[in-house]
Every structure is written in C-alpha cells, then in structure tokens.
Amino acid sequence: MKVEFFLLDADCIKEGERTLIRLFGKTYEGSNVVALFEHEPYFYVLAENPQQAKGEIEDLLETEKVKIKRIDKIKRDLKGEKREFLKVFCQLPQDTQKIRDSIKKLEKKRGGSGSVIEEYEYTISPYRRFLLDEKIDGSCWVEVEGEPLQTRLKADFAIAGKKIKAVEKLKLPPLKLLSFDIETYEQQGRKNIIMLSLWGKDFKKVLTYQKEDFQPWVEVVNDEKQLLEKFVEIINQYDPDILVSFNGDSFDFPVIQERASQKKVKLTLSRDREEMKFTRRARISSARIKGRIHIDLFNFINNILSPNLQTEVLSLDAVSGELLGDKKIEMDYQELLEAWQKKKDLCKLTEYCLKDSELTFKLAHLLLPQILEMSKTVGQLPFDISRMTYGQLAEWYLTRKAVEMQKIIPNQPKWEDIKKRKTFTYAGGFVKEPLAGLHENIAVLDFRSLYPSIIATFNISPETLNCSCGRENSYQVPGTDYWFCKKEKGFVSSTVEELIQKRAELKQRMKKTEKDSLEHKILDTRQLSLKIVANAIYGMFAFAGAKWYCRECAESCAAFGRFFIKQTIQEAEKEGLTVVYADTDSCFIKNPFPDKELSKEVDKFLNHINSKLPGILELELQGTYKRGIFIPRETAPGTAKKRYALIDKNDNLLIRGLETVRRDWCNLAKQLQRKVLTYILKDKKVDEAIQYVRNTIEKLRKKEIPLKDLTIYEQLTKPLSTYKQIGPHVAAAQKMLRRGKKVSEGMLVMFAITSGKGSISERAEPVEDITIQDIDENYYVENQIVPAALRVLQVLKVTRDKLLGESLF
DNA sequence: AGGTGCTGCTTACCT
DNA sequence: ACAGGTAAGCAGCACCTG
C-alpha cells in the first residue's frame, strides 16, 4: 500500500533487537497514521589505514562482546578533502555512542595502539539521522510505501514502511490545534492545580472542583485527581495534532506531572499511549508528547521573536497585548487566592483562566505558520525548531546541507575546547563618533545583509581559509594575515550564497502577488526563515560551542565590514557629503549643499559606491529624516555612540540607545524623554519641553503618578548568591527571598526606590510590597526625570537649574 | 562623620 | 548555548577634611 501524509512527529524506539523509526502524520483527509521503518544507526571512523583499522575495530568489539552489524568503507568529504571513512552500522538506538566510546581506545592521540584518528556523527539521534538521510523536512508531505500493520498506537492505521520520499505539496492537512493553561494555588510550598482551561476551534472548557453558578463551558469535577483524569480524557478525545502552551515546558507540564504522580494519574497524552516524558535540553527540559507537536510559545518568542518586540517582559499578557492587541483579564494573585479560598468571584477566575488559553491559541494561530515554515527550511521537526536559538537553527541548516553534499559533520567541541575557544576574541564592527548636536536632513544608508554578503562574496568558509593557492591568488582579508580561496567554493560560503539567492527569488515572486493574499504571506514567512538562518551564520562562526566554529572566519567578516564602511565614509566625504555617524554597516549622511536636493545627492552617491563594490555587496537607502539629535557622553568628553533620535517627515520618531528604549529606566522617565524629544525634533520647542518636565515633577510630588510608571525592571543574570556588588535589583531580590518568595536566575526583578535611610540599593523594594506612599520622589526627580530630560535638553544649552526653575535669573 | 572622586561590577542596548 | 562595541548607574573603597 501507498500513503501520503503530512509529517508531525518522529522518534526512535527499540523493539527487541531492532531499531525502529516511527513517523506520526496526518493524511489529507485527516486520518492519523503511523509509519514504522527499520533503521540501522551508524557513525563514521577516520583512520590512517582504513583496512587495518577495520580489523582492529572488529577484534576490539569481539573481545568486548559488543555487537555491530557491519563496517563499510565509504568516501566522504572532510574539510574540503575526499577521504576514506569506515561506516560502522550498529543495532540499537544508543549503540553509536557506546561503540564509539569503545573505539576511542584505538585512537593514537589518546595513547591508544590503533590507527584510528577520529570518530564522527555518533551523537546524531536516530530519528534525525533518518530524516536527514531520507531528505525529509521537518514539516512536509511524505509518500510511504509498505505493508499494513496492527499496532497499539493511537492511529487510524499503521504501516510497515519500505520506501519513503518527500513530496512537494503546498496545502496543510486539517490540523487540530488545542491550547491549555492551568491555575495553581500554593499550599505549604506545594502547588495544587485548581483550574485547567482548554481552547480550540469551536471548543472551550474550564475544569475545576468548586461549585458555583458557572457558565456552561465550566465542568465541575470532584477533586484535583479527577481534574487530571479529565484532562487526559479530553486530550485523547479531542485528539489535537498540535498542543500549545505558554511556558508549558517550565511551568504547566512540570506541575501537571508532579501532581499526576502524587495522585497516581497516568499522563497518557501521547499517541503512543505511553506516559508523557521530558526530553533533556540545554537549559530546561521540554515536555514531549509523542505523535503530537507540543509547542511552548514562550521558547519561540524568547529565542527568535524577542529582539523585535517592544515589551520589557515576555509574559503572555504583554506579548499578546503587543502581537494581538488583546490582553489577559486583570486579576492579581491575591485576588485569585481569595476567589479560591473564600469562593468569592469564582466565575471571574474561570473567565480569567479561559482567557489565557484563548490568547495562547490566538498567538499560536499567528506564529505557527512561521514555526512550520522554519521547520521546512531548516529540516527539523516543529517540536525541536520551536525551541531552538538562532545558532542552533543555523547549525541544523548546515547539517542538512552537509548530508546532502556528502560532507562529514564536524564534531561538537568538548567542554575544554569551548573554554579554550572562549579565551580568543577579535575586533568587531567600526563605530564612528557622531558629530555632536542637532542635524537637519539626514539620509541613513546601510549595507544590505552585510555579513552574509561578505561571506558569499569572499568565499568565507573554514576550508577555504588560507588555502594552498596562497595569499596573492586569493581574497585577502584587509588588515589581517588571512586569505580565502578564489578557485574552490567553500561549504558554508556556498550555503550562504544559496540562501541569499533563494531569498532574492522569493522577494521577486512576492512583488508579483497581491499584498494581502495567502501566497504573499507564505512567501513572506519563507523569505524570513531564510533571512534568519543567513544572519545567524556569522554569529555561529564565532560561537565557541558551534560545530562549524571558525574564529578566523568571523574575524574576517568583521575586518571586511570595517574596511567597507570606512571606505564608504571616505568616499562620501570625498564627494563633499558630511558623515554624521556610522555603525558597523550603516552610515548617516547630511547634505551640506543648501541649494541641492538631498535625495538626488544620495542617489548619485549610491550609484557611485555600488558601481565600485565587489560581488553582491550593496549599499542602500534605509530612510531619510528631517532632523536628528546626537548627545554628549556623560562619563567622558565627546559625543555618545549608539545613542540618538531621528524624526521623519511624518513626525515618526526613531530612538536608539537612549533611556526611552531601556527597560532599566522607569516608564515615567522614558515617556517624558520621548515627549521632550518630540518637542525638540518636531519644532525645537524648548520652553514647552521645560514646562512639560516641570509639570511632570509636580505631578510626581503630588503622588499623582501610579506605581507602575515608577517601576524599574532589571534582570538577575546569575544566581543571587554570586553577586560581588549589591545593586538595587539584587537588593530587591534579596528582600523577596527573605520574604519567602521564589527568586531564580534569569528572572526580571521589578522594583522601585522608597524613601528612608541608606543607599539606593538599601531603599530598593520589590513593587509588590509597597504602595505609592513609600516612594522617594527625590530619587525619581534627581535620578530619573532630570537626567533623562537633560540628556536631550543640554544639547539646547538647558542647564539643571534652568530646567528646574531654581535659577534666580 | 561626612564629602569627593575613582574604579569596577553590572545591565542593557546597537548593529 | 550568538558576536563585539558601547554607555552609564551605582557600590565600594580610598582618601581628604574638619
């Protein structure tokens, strides 16, 4: 029989002495299908003398009574050279690692006797190996040929697969999406689940175990045990393909698992009818539900989206506020406790709980296309993709390419290697000190994808570095002793080149489609995936934990980058243009000719520069602005880099680096600085700005400013006990700890400065423990409002005394 | 005891 | 568990002054 299905999930199991790959999928009609494939895990061995090594390995495994299937000899590319490898086929899932450990004894470099040099690819998990070798992407359609099979798995039918291939198909099958969320109540340090909500298309439910006159979507059960049982029942009945949570990996599922084990409830949520498991990852474990895709949106938002978000906090409330324009129902923890303990307003609590699931569902609806597209681009399962960082996405993309091109994948560095790598640093981008003060008519030019373009243009790749062609016949890296081959294309560089080309094609196709059409949207998510991967590769070169680590490559990218931005500045000045500022790949120019039009001068300059630039390097116009301000440094003489504000012809502000965009400044000071910038940049209304500051101070002194606008956010970047210096956020966190609250590494401390005795730190209090009455207005005037305002106003010669109206004149 | 000025720890930003 | 370049606040300390 032959079946076509959309791949959802895959894993590997041991059945007797066999290794089986399980593919879980969905047919176009919506049937659940499982395909099982026999699989032989394998890894590669590089040896001085492959024939001799083969014998030695066989003898060694014989004496250690380790079973393998066979050893083949095979040619593979290692760092640009074709070499002969031994391909060792194993029997069971973990055998590649185990057998590799045995063979390690034959490595000469470890003092062994044999001719083995190194082993490769022994850590790639079997299901990933299978997908890589069969050229199957993370979320794509496959066609499987095989025999029908009886299984105990939760599927409409199963198939013992013989053949598999990926098929190109645009449409998705009917996928069922379900989101969930829990509310907990802490008692003697133990979390109890008091409520659980679920949200799907035409489905909403809240489970709880206290009675009231509830909405019809609330189901009252007897107790927590029954709540958990009901949860399992609903999952199996509704049978979602994608289960979505917000923080499910680190909160909901750990709590659910803990309570389920306490109450002896079996958490059989998976389609393999086994209990839910956590798979270990770097920082936190992930809750894996076999056969379904558990997407924890927090991971994706935190790893991929957060740099592009405005919000200070990555809470469900803040993120959905920004992305959906919808917020949680307002209810603080105290209210929640009271609702539960005193049965007060329990209805509101059910609505609150349900709303969380609704928001999670809607966020999933918005973000899932990007996750699935990314999964297709990178070629890993959506479960894995949704939890990856930029570096990991780049690495798995390269891994897939390497397998395609029969190249050996470099080994993950050992811990000592990582430590050693971290000791090397190199020079990065060039930053020009800005011309001080206000400027009119600024054009911002920047290099399109500077580092990816450099990698592609100059063939920057680990194997092309300092090639045998010699310096003179190659691309020489300015200001360094490195060069890159002009003859043979490198692996990483050609991959980046392909990414850029594919993206350009997609952008062309996008131009031919309607802006609001589905096709346009699909093309857009696809080009964004390619952009993310391409941009991550430079960082990956310099990342000590990366398989394709190459410090010289990263260093060369930066060196070329510095060369071209400096050249651009020089050329601009030669053409009589004023360069106000430059940072890494951008250049701010001002038109010094009052009689000439800026846009024409810019066009002329861009044409001039682009005709000289090599390869695919291109300088483009990012935008024009009618006015901009650059601010003096606080701590040293001169003008500050990376801190400025621009205003365009529609009076839109672009603010970078200033207090306005920093979360460790209170909202009041940030909003005030934005207002001052608007007054100044729009029409230089200095007096109005001063008046505004004075009014704000007055409001503050009258306690008319809410506490939330005085809150400062700062992250604990390490364990609380390891701080050498107790700053305000650390002091506030210490107080939280003493008051019995949970304090953890990575958490965002929300605090405000109160009046009283001692240093600022001593007066920093967690906001949850204080009211507006406790606030030290003087601190907020002197350390927040005045500095934020003066930063801008000092450019217009406003002094502190003038600002506060304390001057006698 | 209280002020002053420097250094280093720390965070968050820019590209 | 992504890089280097940069600004800036506050603690902590040495030192000075009276």
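For the numbers below, each heavy atom of this structure counts, side chains included, while hydrogens, waters and symmetry mates do not. Just so we're on the same page: letters track the sequence lines, and every chain starts at 1.
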Visitor: At 4.0 Å (heavy atoms only), tell me whether Phe430(A) reaches a base, stays on the sugar-phosphate, or touches nothing.
Guide: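 Touches nothing.
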
Visitor: Which part of the nucleic acid, if any, lies within reach of Asn783(A) when heavy atoms closer than 4.0 Å are counted: base, sugar-phosphate only, or nothing?
Guide: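 If one applies the 4.0 Å heavy-atom cut-off, Asn783(A) turns out to touch the sugar-phosphate alone, with no base involved.
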
Visitor: At under 4.0 Å between heavy atoms, what does Tyr644(A) touch on the DNA or RNA strands: base, sugar-phosphate, or nothing?
Guide: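 Touches sugar-phosphate only.
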
Visitor: Report the nucleotide, chosen from dG5(C), dG4(C), dT11(B), that has the shortest atom-to-atom distance to any side-chain atom of Thr425(A).
Guide: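 Closest of the options to the side chain of Thr425(A): dG4(C).
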
Visitor: The side chain of Gln392(A) lies closest to which of these nucleotides: dA8(C), dA1(C), dA12(B)?
Guide: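 Of dA8(C), dA1(C), dA12(B), dA1(C) is nearest to the side chain of Gln392(A).
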
Visitor: Under 4.0 Å, heavy atoms only, any strand: does Gly657(A) hit a base, just the sugar-phosphate, or nothing?
Guide: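 The answer is sugar-phosphate, as Gly657(A) gets under 4.0 Å only of primed atoms, P, OP1 or OP2.
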
Visitor: Heavy atoms only, 4.0 Å cut-off, all strands: where does Val730(A) land among base, sugar-phosphate and nothing?
Guide: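 No contact at all - Val730(A) keeps every heavy atom at 4.0 Å or more from the nucleic acid.
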
Visitor: Using a 4.0 Å heavy-atom cut-off, does Ala427(A) contact any base of the nucleic acid, only the sugar-phosphate backbone, or nothing at all?
Guide: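 Since only primed, P, OP1 and OP2 atoms lie under 4.0 Å of Ala427(A), the category is sugar-phosphate.
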
Visitor: So for Gln725(A) and dG8(B), does any side-chain atom that can act as donor or acceptor lie under 3.5 Å from a complementary atom in the base?
Guide: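 Per atom types, the contact qualifies.
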
Visitor: What's Gly539(A) touching, base or sugar-phosphate or nothing? Going by heavy atoms closer than 4.0 Å.
Guide: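 Base: the residue Gly539(A), judged by heavy atoms under 4.0 Å, touches a nucleobase.
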
Visitor: Taking the side chain of Ser761(A) as its heavy atoms from C-beta onward, which of dA11(C), dC14(B), dT10(B) lies nearest to it?
Guide: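 Within the option list, the nearest is dA11(C).
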
Visitor: Identify which nucleotide among dA7(C), dA12(B), dA3(C) has an atom closest to any side-chain atom of Lys641(A), counting heavy atoms from C-beta outward.
Guide: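 Closest nucleotide among those given: dA7(C).
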
Visitor: Arg662(A) side chain: which of dG9(C), dA12(B), dC14(B) is closest?
Guide: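 It is dA12(B).
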
Visitor: Can you list everything that forms a side chain to side chain contact (heavy atoms under 4.5 Å, CB included) with Asp709(A)? Sequence neighbours excluded, please.
Guide: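 So Asp709(A) forms a side chain to side chain contact (heavy atoms under 4.5 Å, CB included) with Asn667(A), Leu668(A), Ile705(A), Pro706(A).
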
Visitor: Please determine, for the side chain of Pro728(A), which listed nucleotide (dC14(B), dC10(C), dT11(B)) has the closest atom?
Guide: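 Selected nucleotide (nearest to the side chain): dC10(C).
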
Visitor: Taking only the side-chain heavy atoms of Thr389(A) (C-beta and beyond), determine which of dG9(C), dA7(C), dC2(C) contains the nearest atom.
Guide: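 Nearest listed nucleotide: dC2(C).
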
Visitor: Which nucleotide, dC13(B), dC9(B), dA12(B), lies nearest any side-chain atom of Lys724(A)?
Guide: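 Selected nucleotide: dC9(B).
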
Visitor: When you get a sec, tell me which of dG4(C), dT11(B), dA11(C) is the closest nucleotide to the side chain of Ile760(A)?
Guide: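 Of the candidates, dA11(C) comes closest.
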
Visitor: What is the distance, rounded to the nearest whole Å, between atom CD1 of Ile712(A) and atom P of dA12(B)?
Guide: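 Value for this atom pair: 12 Å.
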
Visitor: Using a 4.0 Å heavy-atom cut-off, does Tyr426(A) contact any base of the nucleic acid, only the sugar-phosphate backbone, or nothing at all?
Guide: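 Since only primed, P, OP1 and OP2 atoms lie under 4.0 Å of Tyr426(A), the category is sugar-phosphate.
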
Visitor: Does Glu121(A) pair with Arg129(A) as a salt bridge, N-O distance under 4.0 Å?
Guide: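 Between Arg129(A) and Glu121(A) there is a salt bridge, with a charged N closer than 4.0 Å to a carboxylate O.
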
Visitor: Base, sugar-phosphate, or nothing: which does Arg791(A) touch, judged by heavy atoms less than 4.0 Å apart?
Guide: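 Touches sugar-phosphate only.
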
Visitor: Hey, where does DNA chain C pair up into stems, meaning at least three consecutive Watson-Crick or G-U pairs with distances under 3.5 Å?
Guide: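 So the stems come out as B:1-15 with C:3-17.
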
Visitor: Under 4.0 angstrom, heavy atoms only, what part of the nucleic acid is Lys432(A) near: base, sugar-phosphate, or nothing?
Guide: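 Touches nothing.
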
Visitor: Quick one about Glu322(A) and Gln310(A) (side-chain donor to acceptor, distance below 3.5 Å, no hydrogens or angles considered), yes or no?
Guide: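 No.
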
Visitor: Give the nucleotide from the list dC2(C), dT10(B), dG12(C) with an atom nearest to the side chain of Phe543(A).
Guide: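 Nucleotide nearest to Phe543(A)'s side chain: dC2(C).
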
Visitor: At under 4.0 Å between heavy atoms, what does Tyr779(A) touch on the DNA or RNA strands: base, sugar-phosphate, or nothing?
Guide: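 Here Tyr779(A) touches the backbone only, sparing every base.
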
